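Let me begin by presenting the structure, written as structure tokens, before commenting on it.
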Amino acid sequence: VVVVQGLGFVGSAVAAVVAGARDARGSPKHFVIGVDLPSPGGYWKVEKLRAGVCPVTAPDPELGGLIAEAVHAHKNLRATAGEEAYALADVIVVDVPLGVRNPRAEDPADLELDLDGFRAAVRTVGRRMRPDALVLIETTVPVGACERIALPVLREERARRGVEAPLYLAHAYERVMPGPNYAGSIRRCWRAFAGIDAASAARTRQFLESFIDTARFPLSELAEPACSELGKLLENSYRAANIAFLHEWTLLAEDLGVNLFEVVEAIRLRRGTHDNISRPGFGVGGYCLTKDSLLAQWSALHLARSGVVLGVTLNALRVNYQMPLHTFDLLQELCDGRLRGRAVLVCGVSYLPEVADTRNSPAELFLDRLEQAGARVLVHDPCVLTWPERPDVQVQRDLGRCLRQAEAVVFAVGHRPYRELTLPGLLAAAPAPALLVDAQDVIGDDTAAGLHAAGWRLLGVGKGHWRKRGYQWARAAGGAS
Ligand SMILES: NC(=O)c1ccc[n+]([C@@H]2O[C@H](COP(=O)([O-])OP(=O)(O)OC[C@H]3O[C@@H](n4cnc5c(N)ncnc54)[C@H](O)[C@@H]3O)[C@@H](O)[C@H]2O)c1
């Protein structure tokens, strides 16, 4: 019996993949119970999973299929808001959040983490768990949290119940990527883990091998939980720094009239050293890349008593936070600084294409600037029904209607319906010549040329060649720009 604590973007996918694991005869290896809080935010996730539906919007048919099959056919996936479930578990997987209260703090010493929810979650586990159950923490935590926060809480709760048996505890960070390869990013991905002792590590290995294709994606066993905790923070800081680094080259390339996408694709061919260099873009959002580096900095000051300041890393987060302002500048340029009263359509508010997660969306800062400038803002996203962080904003679903109403269009996320727009489709949807900023390489060069020929004015993040061709100016009557 595996109990997954937290049915959010990570836990619901983990529950599905673990429930989908089969033995040699095709029978389920595990009976899985997903647990979320008895709160308004938790109940609907529990009810959705019970109904065989993924609790979070998932564009991956494999994930939906795994859940439906486990709930309806094999009946080995259940969900509850009752903490009694922990008492049934052989393995308890912790997938609850642990965030930063003040991510914009200027001084690293002022950073404050939201540890209460994590502590409370672990305490519930300690209160209910079987003495011999394995607790596997997948939550991204500060370095040292398993041994210095989770372990004492679990010990305290178990001691209260008179449990003296050895405790099995480990950390194995998640690399799950919500999106088209959601389930695959758990099943078919390398995993690093570490236990508090050899016995915990051995049980964790056995559990991970039961649902990950470890023949093709071998496990990395690290020396101690701090290594696994630090690994996650380092991985995400590396990605955040890569994005910030590329952003300053984006600014340079635009001024030089260079198409940076073309350059980056050529650089990416150098496999092994440069194949994951970032591409130009609108900004960075989501739950993880905006906070994980801050957890590392907090660990240094509060758990390691270290004076190390992760300067490059923290600066990358600042650059990434400000990045959407560059798109705002491009839009201002197209509008000759006159945004007041203009209808601006922002296409995409999630943090990734084909994903519904709006946490820390870079569109928020962009929207604030548009509103300050007096623009009339329209927001469209094909994946997002509501924008919980901006309940004041109604997210539109009818792209054609939005395009008809817009005087300026900004592609902020590369969702498929935007990438599938054709030149005739765009011209038909928005018959009056419009302004367009492509911040995510949504529009190809032929479409851009066609739009400009039809009277549109365009700029693109990383698209210095558009600027060089004069797409930012109106095409003169005689045909020349
Ligand atoms: N979202 C991602 O793509 C991703 C990827 C890798 C790692 N992570 C990490 O995984 C962790 C979870 O992230 P998420 O995106 O799934 O968060 P989330 O907010 O989508 O989901 C967390 C869920 O945990 C529930 N919860 C909180 N306290 C609980 C408790 N005591 N008992 C039961 N349920 C409880 C919440 O109600 C929520 O539904 C975080 O540490 C995150 O950094 C996230």
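Both counts, for ligands and for their atoms, begin at 1 and track the order of listing. None of these values were measured; they are calculated from a predicted model.
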Considering only protein heavy atoms, which is closest to atom 24 (O) of ligand 1, and at what distance to one decimal place?
-> Gly6 CA, 3.3 Å
Show your reasoning for whether salt bridge (charged side-chain N to carboxylate O under 4.0 Å, His left out) applies to Glu235 and Lys232.
-> CA-CA 5 Å; Glu235 269 187 34; Lys232 176 67 183 176; 5.4 Å; no
Could you walk me through whether Asp116 and Arg101 pass the salt bridge (charged side-chain N to carboxylate O under 4.0 Å, His left out) test, one step at a time?
-> CA-CA 11 Å; Asp116 298 348; Arg101 287 207 176 105; 3.5 Å; yes
Would you say Ala120 and ligand 1 have an N/O pair spaced under 3.5 Å apart?
-> no
Give yes if a backbone or side-chain nitrogen or oxygen of Lys291 is under 3.5 Å from a nitrogen or oxygen of ligand 1, and no if not.
-> yes
Residues His74, Arg22; criterion side chain to side chain contact (heavy atoms under 4.5 Å, CB included); working and verdict = CA-CA 11 Å; His74 291 283; Arg22 300 278 177 268; 3.2 Å; yes
Check: Lys45 N/O within less than 3.5 Å of ligand 1 N/O | yes
For side chain to side chain contact (heavy atoms under 4.5 Å, CB included), just list the numbers for Arg78 and Arg50, CA-CA rounded to whole Å, side-chain angles, deciding distance to a tenth of an Å, and then say yes or no.
-> CA-CA 6 Å; Arg78 293 281 180 271; Arg50 274 186 184 155; over 6 Å; no
Charged tip of Arg203 within 45° of Tyr168 ring normal and under 6.0 Å | yes
Short N/O distance, under 3.5 Å, between Arg359 and ligand 1?
-> yes
Pick whichever of Phe118, Tyr86, Phe9 has a heavy atom sitting closest to atom 20 (O) of ligand 1.
-> Phe9
List the atom of Ala170, the atom of Thr204, and the distance in Å for their closest heavy-atom pair.
-> CB-OG1, 3.1 Å
Top protein contact for atom 5 (C) of ligand 1, by heavy-atom distance = Val176 O, 3.5 Å
Minimum side-chain heavy-atom gap Asp357-Leu352 below 4.5 Å | no
Protein heavy atom at shortest distance from atom 30 (C) of ligand 1 = Leu37 CD2, 3.3 Å
What atoms of ligand 1 come closer than 4.0 angstrom to any heavy atom of Pro97?
-> 19 (O), 22 (C), 24 (O), 27 (C)
With salt bridge (charged side-chain N to carboxylate O under 4.0 Å, His left out) as the test, would you mind laying out the steps for Glu262 and Lys463 before giving the verdict?
-> CA-CA 9 Å; Glu262 187 183 78; Lys463 293 181 180 287; over 6 Å; no
Return yes if a side-chain donor-acceptor contact under 3.5 Å exists between Gln5 and Tyr86, otherwise no.
-> yes
Does an N or O anywhere in Arg175 fall below 3.5 Å from an N or O of ligand 1?
-> no
Answer with side chain, backbone, both or neither: which part of Tyr287 has a heavy atom less than 4.0 angstrom from an atom of ligand 1?
-> side chain
Is the closest side-chain donor-acceptor distance between Thr358 and Glu389 under 3.5 Å?
-> yes
Within the 6.0 Å centroid threshold, strictly below: Phe207 and His30 | yes
Part of Ala121 with heavy atoms under 4.0 Å of ligand 1, whether side chain, backbone, both or neither | both
Closest heavy-atom contact between Leu115 and Ile149?
-> CD2-CD1, 4.0 Å
Where ligand 1 meets Lys232 - atom numbers and elements under 4.0 angstrom, heavy-atom basis = 6 (C), 7 (C)
Residue, atom name and distance, where the atom is the protein heavy atom closest to atom 21 (O) of ligand 1 | Gly8 CA, 3.1 Å
For ligand 1, does Asp95 get within less than 4.0 Å through its side chain, its backbone, both, or neither, judged by non-hydrogen atoms?
-> backbone
Measure the distance from atom 16 (O) of ligand 1 to every protein heavy atom, then report the residue, atom name and distance (to 0.1 Å) of the closest one.
-> Val10 N, 2.8 Å
Nearest protein heavy atom to atom 3 (O) of ligand 1, by residue and atom, and its distance?
-> Pro178 CD, 3.3 Å
Answer yes or no for Gly117: is there a heavy-atom contact with ligand 1 below 4.0 Å?
-> no
Considering heavy atoms of the protein only, find what lies nearest to atom 11 (C) of ligand 1 and give residue, atom and distance to 0.1 Å.
-> Val96 O, 3.6 Å
List every atom of ligand 1 that sits less than 4.0 Å from any heavy atom of Val35, numbering the atoms from 1 in the order shown and giving each element.
-> 33 (C), 34 (N)
Decide whether Asp381 and His415 meet the rule of one side-chain donor and one side-chain acceptor closer than 3.5 Å.
-> yes
Identify the closest protein heavy atom to atom 36 (C) of ligand 1: which residue and atom is it, and at what distance?
-> Asp36 OD1, 3.4 Å
Checking Arg119, Arg127, Arg128, Arg123 against Glu157 for salt bridge (charged side-chain N to carboxylate O under 4.0 Å, His left out), the one that qualifies is Arg123
Any heavy atom of Met177 sitting closer than 4.0 Å to ligand 1?
-> no
What atoms of ligand 1 come within less than 4.0 Å of a heavy atom belonging to Thr140?
-> 7 (C), 9 (C), 41 (O), 42 (C), 43 (O)
